[in-house]
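As structure tokens, the structure follows; a few thoughts come after it.
Proteins get letters first, then strands, A, B, ... in listed order; numbering begins at 1 in each. Bear in mind the structure is a predicted one, so any value in this text is a computation, not a measurement. FYI, side chains are in, hydrogens and waters are out, and symmetry mates aren't considered; it's all heavy atoms of this structure.
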Amino acid sequence: MEGKRVNGSPVTGGASQAKRSKVSGDWEDGPSLFEEELAMLDEAEMEAELREGQAGHDVIPVGELGGDLFSADLNPRWRRPQPPLLDSTADKLVFQQIEIDYYLGKELLFAGGGGARSVAAFPSSASVSAVHIHTLLTYATPHRAHNCVSPSGFSPAHLSDFQKELNAVVLKDMRSNKDSVSVTVLAVDIKRKESMYGFHGNRSVDFLRITMAKPRLIAPAKRLLEQGFKFGSFPLQSYTSYEANIDFEIRFMVDSNMVGCSWIELPAGKYRVREEKGLVSLCQYEVDVAWTHLVSHPAEGDWQRIAPLRVLSFDIECAGRKGIFPEPDTDPVIQIASMVQRHGEKEPFVRTVFTLQSCAPIVGSQLLCFTQERQLLQSWAEFVRTVDPDIITGYNIQNFDLPYLLNRAAALKVDLFAYLGRVRGIRCVIRDSSFQSKQVGRRENKTVNMEGRVQFDLLQVLLRDYKLRSYTLNAVSFHFLHEQKEDVQHSIITDLQNGNEQTRRRLAVYCLKDAYLPLRLLQKLMCIINYMEMARVTGVPLTYLLSRGQQIKVVSQLLRQAMRQGLVMPVVKTEGGEDYTGATVIEPEKGYYSVPIATLDFSSLYPSIMMAHNLCYTTLLQKGSMEKLGLSSEDFIKTPTGDLFVKSSVRKGLLPEILENLLSARKRAKAELKKETDPFKKQVLDGRQLALKISANSVYGFTGAQVGKLPCLEISQSVTGFGRQMIEQTKQLVEARYTVANGYQANAKVIYGDTDSVMAKLGVATVKDAMDLGREAADWVSTHFTPPIKLEFEKVYYPYLLINKKRYAGLYFSSNSETHDKMDCKGIETVRRDNCPLVANLINTCLQKILIDRDPQGAVEHAKEVISDLLCNRIDISQLVITKELTRSAQEYAGKQAHVELAERTPSSCWRITSPSTHSTTWSSSSPSPCCASSNPSWGRAKPRASCSVRLFTMPFSLLGDLLRVFCTHMISLPALPPGPTPRGRPHPLQDCAHF
DNA sequence: AAATCCACCTAG
DNA sequence: TAAGCTAGGTGGATTT
């Protein structure tokens with residue numbers, strides 16, 4: 001045992017040192033911190049390993065003589081422990097469900113039906129063993145996704161005619177019938193339902209519920225029914241569809257009252273363990289159960305837990321050619337590092353690198369060295385199947401590592417590679433998908449199917465949830481972990497591979513770290529917990545959260561609530577229309593305030609407006625409804641935009657109900673959070689309250705999404721309409737009450753406000769007084785509004801610098817009136833990502849000097865110094881560009897014509913890259929796009945321009961000058977500029993400001 | 001030279 | 001097939 005452990009420190013000695021330097025330049029001699037960390041993991045495990053007789057971490061040469069030394073049992077830790085035998089008559093089966101997909105099966109309990117398959121992980125009570133089950137769910141009404149109002153005079157006697165005719169029409173419509181389906185319409189029955197769109201006097205009517213044999217058949221059936229359908233003696237007529245556009249997964253989960261990542265119980269005797277010959281998965285248990293026998297536990301109490309899921313993180317290295325991005329057809333995969341960790345544990349229990357050619361040992365990890373790339377790939381796939389991860393992560397695995405491996409394996413004809421999922425016989429296939437939204441622009445992605453495992457690419461998580469200046473793994477790790485990658489330049493990877501076992505070792509350490517960092521980030525950012533909580537709160541599968549947009553989450557909640565009330569959701573045609581009016585931004589009284597400014601906010605403004613006024617699809621009075629239903633003016637309200645909604649006494653809206661549930665659940669979560677002492681449960685609860693808040697806020701956006709599942713501008717414009725009225729009224733109330741005439745120290749003045757907040761100068765001298773008066777004002781103003789609308793005192797700014805609409809800075813006091821919590825900057829260069837670090841830092845320092853030190857002269861000195869350094873080329877280039885990566889990608893993007901220069905020392909533009917071309921959203925497929933060039937959907941459709949420049953650095957002298965002029969009578973004097981174009985454009989915001 | 005459009009990214 | 005919303009500042013290019 002001991003003998004197997006090899007000291008992993010790189011050999012340091014004259015000759016080898018010189019040799020290595022030639023290949024790779026210099027690096028530190030001793031083992032890196034990361035290597036020490038790895039070694040420590042190993043030591044910690046030694047005792048346990050000795051006890052278990054565990055193979056140590058070592059170097060295993062594989063296939064040296066062309067033999068097949070690789071075995072899935074090379075390391076006993078890989079395989080899951082053998083689970084106990086399952087007796088379906090006596091044991092219940094309990095598991096946390098993490099993924100769901102569907103397939104059509106012939107062997108189902110209900111002939112001709114479809115099936116849902118869910119793969120899940122489950123901890124057997126407190127033991128460490130994790131168990132996998134594969135559940136076959138038969139679903140009595142699998143594709144009920146289609147409802148329409150029955151024609152008048154329709155009775156149950158007509159059902160079979162209708163079914164027969166529709167079946168015939170759908171069959172005829174099918175272009176090809178590969179599976180020789182003869183029955184397309186499985187069932188038609190009558191249900192009392194009501195459309196959720198518009199108020200109809202609380203009267204349900206007969207709907208036809210049509211069950212189709214396959215999800216694929218729903219769309220044609222819908223189309224045919226809409227086009228006009230004739231059956232029996234009924235005339236040709238068009239049928240409007242409801243809920244025909246709901247994804248199967250959502251449909252199933254809503255109908256079976258199952259939310260994402262919930263715990264499921266299969267009672268003893270209600271499921272059947274599959275015989276050997278019926279097994280289709282690699283899971284340890286495989287059972288069949290009727291969907292009606294599923295018990296789905298709400299995520300409360302013990303059911304909040306998260307199973308000890310196996311998380312695999314991996315990273316690959318390829319040997320590319322000089323200056324060419326690696327291509328799987330030509331360039332080999334030379335290393336794959338993998339780390340596996342059970343969720344909830346601190347460190348990965350598997351740390352392994354598959355290398356091509358020999359590699360010197362690394363303490364703390366196992367090395368498998370291959371002489372042939374084909375065998376490396378095949379063995380790694382075998383490794384994945386053995387380790388059997390529930391979640392697969394890494395950095396950019398979705399768009400790079402996974403597709404590269406699959407393409408490379410295909411190029412080398414490693415046929416068994418592509419079976420990485422849990423279902424036998426299903427190959428992983430790469431597909432191109434594009435995701436487009438106004439929010440993030442167009443995102444081209446690759447997707448790889450992997451049944452039963454959740455792909456959780458950390459880069460995708462970060463792109464969705466965090467606004468960062470750079471998304472490289474290095475930058476992200478530094479930002480969140482204060483840790484960085486091992487220092488290996490991309491360009492030398494091939495040289496390291498072609499060196500010796502020491503250079504390859506260096507590469508392996510680098511590769512391991514790239515597999516390790518995503519795990520650390522996942523943990524630090526609590527991604528798994530937060531995503532699971534979001535899945536539970538909104539009811540969608542975990543995978544939807546990374547692959548889909550915001551709308552599906554609202555749809556899921558809407559359908560759940562609707563089902564309880566016997567409502568169905570119409571299918572609406574999506575077409576963009578006119579934008580509607582949004583929120584008010586109060587005209588700012590620009591200037592510098594050396595008195596406390598109190599800020600009052602409406603908390604959850606839009607949700608509370610919807611609740612207060614019962615705004616919903618179900619309460620909307622469409623044209624003519626009011627007269628038709630004979631409603632009196634007592635029954636409804638007219639919103640500021642002139643839309644009519646019935647009051648909650650007539651009908652309580654769905655949306656207000658959903659919002660109330662979300663917000664009260666959030667209150668509960670926060671209360672529990674306060675009481676909870678277990679740090680793990682605390683994280684879960686915090687994740688939940690966050691998910692609940694986000695969910696509540698996205699309901700309004702959903703109603704306003706004109707290209708969406710169920711837009712309703714009457715709701716969204718009424719919401720903003722109320723909001724506009726409220727902020728205006730708040731301003732007037734505050735200014736009317738807090739006056740000298742009413743016995744206050746001064747006349748209050750609202751100097752700014754945006755959407756749901758007002759900033760008021762209350763005329764008091766201290767932060768404490770501002771807080772007290774602010775609280776009083778908030779409470780008093782609140783009494784003028786319908787609950788749950790509430791104005792709250794939030795913070796005091798002192799001092800406060802108001803530059804323009806959406807641009808201000810100030811010291812933020814909220815908890816303590818003696819000390820400020822932070823310097824708060826909104827909209828200023830310091831918080832924007834389209835400026836280089838130098839600008840952000842300079843402005844930040846100046847603001848600090850002005851606001852915190854109250855030392856304007858110091859700010860001027862500092863600015864002068866920096867600008868002088870800049871003009872004399874004394875500034876490090878990394879300060880000038882947003883990131884080094886950006887420069888590189890910009891050059892890639894702009895091609896050879898790219899022109900990087902310190903250019904045009906005009907007052908506003910100092911550093912730029914110019915390029916003659918304009919479109920191209922692809923930067924570098926390996927490194928993520930720079931943030932400033934990726935996020936506008938109009939890229940690519942924009943009118944081509946004669947020239948285009950990627951702005952890497954601009955010095956906003958105007959802003960700086962204005963900032964400094966706050967206290968100085970003269971502009972800062974700049975070193976003389978070479979002649980250039982004179983500045984043009986709008987006047988500076990603070991130019992004609994009386995305050996200065 | 002002024003007006004307008006465009007791209008970007010933020011506030012809320 | 002799927003895609004939350006509007007307001008708005010700022011720098012730069014293009015049009016008038």
Looking only at side-chain N and O atoms, does Arg807(A) come under 4.0 Å of OP1 or OP2 in dA11(B)? no

Assess, by modelled atom type and distance only, whether the side chains of Asp821(A) and Ser814(A) contain a donor and an acceptor separated by less than 3.5 Å. yes

side-chain N/O Arg548(A) vs dA3(C) OP1/OP2, d < 4.0 Å: yes

A side-chain contact here means heavy atoms from C-beta on lying under 4.5 Å apart; do Arg548(A) and Thr543(A) qualify? no

Below the 4.0 Å mark, does dG12(B) have OP1 or OP2 next to a side-chain nitrogen or oxygen of Tyr808(A)? yes

Flag for Tyr580(A)-Gln706(A): side-chain donor and acceptor within less than 3.5 Å: no

Looking at residues 702-721 of chain A, who's got a heavy atom less than 4.0 Å off DNA chain C? Gly704(A), Ala705(A), Val707(A)

Any idea how Tyr617(A) and Tyr197(A) line up, ring-wise: parallel (<30°), tilted (30 to 60°), or perpendicular (>60°)? tilted

Just to confirm, is there a sub-4.0 Å distance from OP1 or OP2 of dG8(C) to any side-chain nitrogen or oxygen of Lys806(A)? no

With a 4.0 Å cut-off on N to O distance, would you call Glu243(A) and Lys709(A) a salt bridge? no

Phosphate OP1/OP2 of dT10(C) contacted by Arg832(A) side-chain N/O (<4.0 Å): no

Heavy atoms under 4.0 Å, any strand shown: does Gly582(A) hit a base, just sugar-phosphate, or nothing? sugar-phosphate

OP1 or OP2 of dT1(C) versus the side-chain N and O atoms of Asn245(A): is any pair under 4.0 Å? no

Comparing nearest nucleotides in DNA chain C, the 5'-proximal residue of the pair Thr581(A), Ser698(A) is Ser698(A)

Expressed as a whole number of angstroms, how long is the span from Tyr544(A):OH to dG4(C):P? 14 Å

On a heavy-atom basis, which atom in Ser433(A) and which in Thr447(A) lie closest, and how many Å separate them? OG-CG2, 3.6 Å

